[in-house]
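Report on one structure; see the data block that follows.
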2 protein chains.
Amino acid sequence: MTTADQRPMRADARRNYQRLLDEAKVAFLEHGADAPLEDIARRAEVGIGTLYRHFPTRLALQAAVYQEQVDDLCAKAYELLDDERSGNALAAWMRSFAEYATSRRGLMQTLKEVIDTRSDLFARCHDEIRGAAGAVLAEAQQAGTVRPEVTVEDLLRLTHGLSVATQSAPETTERLLSYLLDGLRPQP
Amino acid sequence: MTTADQRPMRADARRNYQRLLDEAKVAFLEHGADAPLEDIARRAEVGIGTLYRHFPTRLALQAAVYQEQVDDLCAKAYELLDDERSGNALAAWMRSFAEYATSRRGLMQTLKEVIDTRSDLFARCHDEIRGAAGAVLAEAQQAGTVRPEVTVEDLLRLTHGLSVATQSAPETTERLLSYLLDGLRPQP
DNA sequence: GAACTAACCGGAGGGTGCCTCCGTTACGAT
DNA sequence: ATCGTAACGGAGGCACCCTCCGGTTAGTTC
């Protein structure tokens, strides 16, 4: 590793990076994941060359935004594990996941679709959220509210599907979530 | 309604319309719903001006492709009602829906997201698919395999969610569908 | 504080796609 | 065959993408 790699980022570079990320979140929320990069650079008050040096592709910028969303969702899972008891963390997390998706107008699902599933970033995000989902699943299975054969992948897929299904109709979340939970419960 | 509206379309116009639609389906499948319109026009061997006269916006072209997909899914529902018995049409249709989505690499869901939910086209497609979904749901509820309080909207949302969840992992469809069906069954 | 330099900036320019305009062409009626 | 007009389609202006490279600045050393 060269000396350059070890030197901390300059203050102006750090500041611009953060402004670009912040403005990208707003722009993606307002205009979708294809919001013009020149517009994001203008809002951040930097040149288009600066945007491209911090984020060499649109995907890189989308990925940074997605990473923050994954971080948020994972933090929520562990928070709910601390607060809830008797297998309720899972339901609360799925609800929270759907609400998060609705508040960000489907951006999270869109970003998930455009990020290459073979990329390191995707693998890291997936590991991270699998850890969090695994924790709430284990607790629910231990409490007997979810049948033992449900895997972490199953839970993630169903949660993702729920968030897409209810993204434009959040008032349906409770009912659809209850059907899902009934389906995951150990069957007589 | 004016005379112009009543006159049948010219032969060259009909031919070009169909070629554009056919090439758009291929292009959207290969490159996503944002495939360049100039490329679609080239493949159809027409001018970009001709494309814009038949489809004044990208959304108009996407809508025409989406309409065909909705037609396919509805036809399948009625087909399955003829073939299946004892409440099995619903499960078969949900499975078929997910397979259809996978074979079109998520294009259907993408198109669904971009089409304005307030548009006439969206309302027509929604009425159409609600009719088909209502038919398979009624049959399943009559057979006792789905609880009475599940609405057509619920079924459509869950089916859509399932297709998104399994679009990139069709091998998980059977298991996730069985959880969904367990959740929809009348509870003891 | 000065000097040095590597990191950082940012706008111009070429390329692509979008979309309209208007001269040209082909279809259908007579 | 002729005529009217619906339909065609490519040029051009604009926005956005993305790289290049000359200029600027932050941070380190003395």
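Just so it is clear, the structure is predicted and the values come from calculations on it, not from any experiment. Residue numbering restarts at 1 for every chain, and letters A, B, ... go by the order of the sequence lines.
Protein atom CD of E38(B) is 12 Å distant from nucleotide atom C1' of dT20(C), rounded to whole Å. Look at OH on Y52(B): it is 18 Å from P on dG13(D), rounded to the nearest Å. The CG-C1' distance, from D12(A) to dG10(C), rounds to 13 Å in whole Å. Spacing between atom CG of L51(B) and atom P of dA7(D) amounts to 15 Å, rounded to whole angstrom units. To the nearest angstrom, P of dC16(D) lies 10 Å from CD1 of I48(A). In this structure, F55(A) places its CZ atom 15 Å from P of dC18(D), rounding to the nearest Å.
Side chains of Q67(A) and E128(A): a donor on one and an acceptor on the other come within 3.5 Å.
Nearest nucleotide to the R53(A) side chain, out of dC19(C), dC8(D), dC8(C): dC8(C). For A11(B), the side-chain atoms get nearest to dG28(C) when compared with the rest of dG28(C), dC8(D), dC18(C).
The stretch residues 25-35 of chain A has no heavy atom under 4.0 Å from DNA chain D, so no residue of it qualifies as close.
Checked by distance alone, R10(B) brings no side-chain donor or acceptor within 3.5 Å of a matching partner on the base of dA7(D).
Under a cutoff of 6.0 Å and an axis angle of 45°, R104(A) and Y100(A) form a cation-pi pair.
Enclosure of atom CD in Q142(B) is not indicated, since only 12 or fewer non-hydrogen atoms of other residues, nucleotides or ligands lie within 6.0 angstrom. The number of heavy-atom neighbours closer than 6.0 Å to CZ of R105(A), taken from other residues, nucleotides and ligands shown, is 12 or below.
The residue L37(B) sits close only to the backbone: its heavy atoms come under 4.0 Å of sugar-phosphate atoms, none of a base. N16(B) comes within 4.0 angstrom of the backbone, heavy atoms only, and of no base.
Of the residues near DNA chain C, R42(B) and M9(A), the one whose nearest nucleotide (by heavy atom distance) lies more toward the 5' end is M9(A). Each of D39(B) and R14(B) has a nearest nucleotide on DNA chain C; the 5'-most of these lies closest to D39(B).
Atom CZ in R95(B) sits 12.0 Å away from atom CG in L176(B) (nearest 0.5 Å).
In the hydrophobic clustering of this structure, V164(A) does not group with L111(A); members are Ile, Leu, Val, Met, Phe, Trp, Tyr whose side-chain heavy atoms approach within less than 4.5 Å, directly or through other members. There is a path of hydrophobic side-chain contacts, each under 4.5 Å, that joins L158(B) to V70(B).
Contact between the side-chain N/O atoms of H54(B) and the OP1/OP2 oxygens of dA7(D) is not found at any separation under 4.0 Å. Checking the phosphate oxygens (OP1, OP2) of dG9(D), a side-chain nitrogen or oxygen of T50(B) falls inside 4.0 Å.
The shortest side-chain heavy-atom distance between D182(A) and Q187(B) falls under the 4.5 Å cut-off. Looking only at side-chain heavy atoms (C-beta outward), R10(A) and R15(A) stay at 4.5 Å or farther from each other.
H126(B) and F122(B) have parallel rings, their planes meeting at less than 30° on a 0 to 90° scale where 60° marks the start of perpendicular.
For the helix from dG1(C)-dC30(D) to dT30(C)-dA1(D), the angle separating the two terminal helix axes comes to 30°, with each axis derived from five pairs and the value rounded to 10°.
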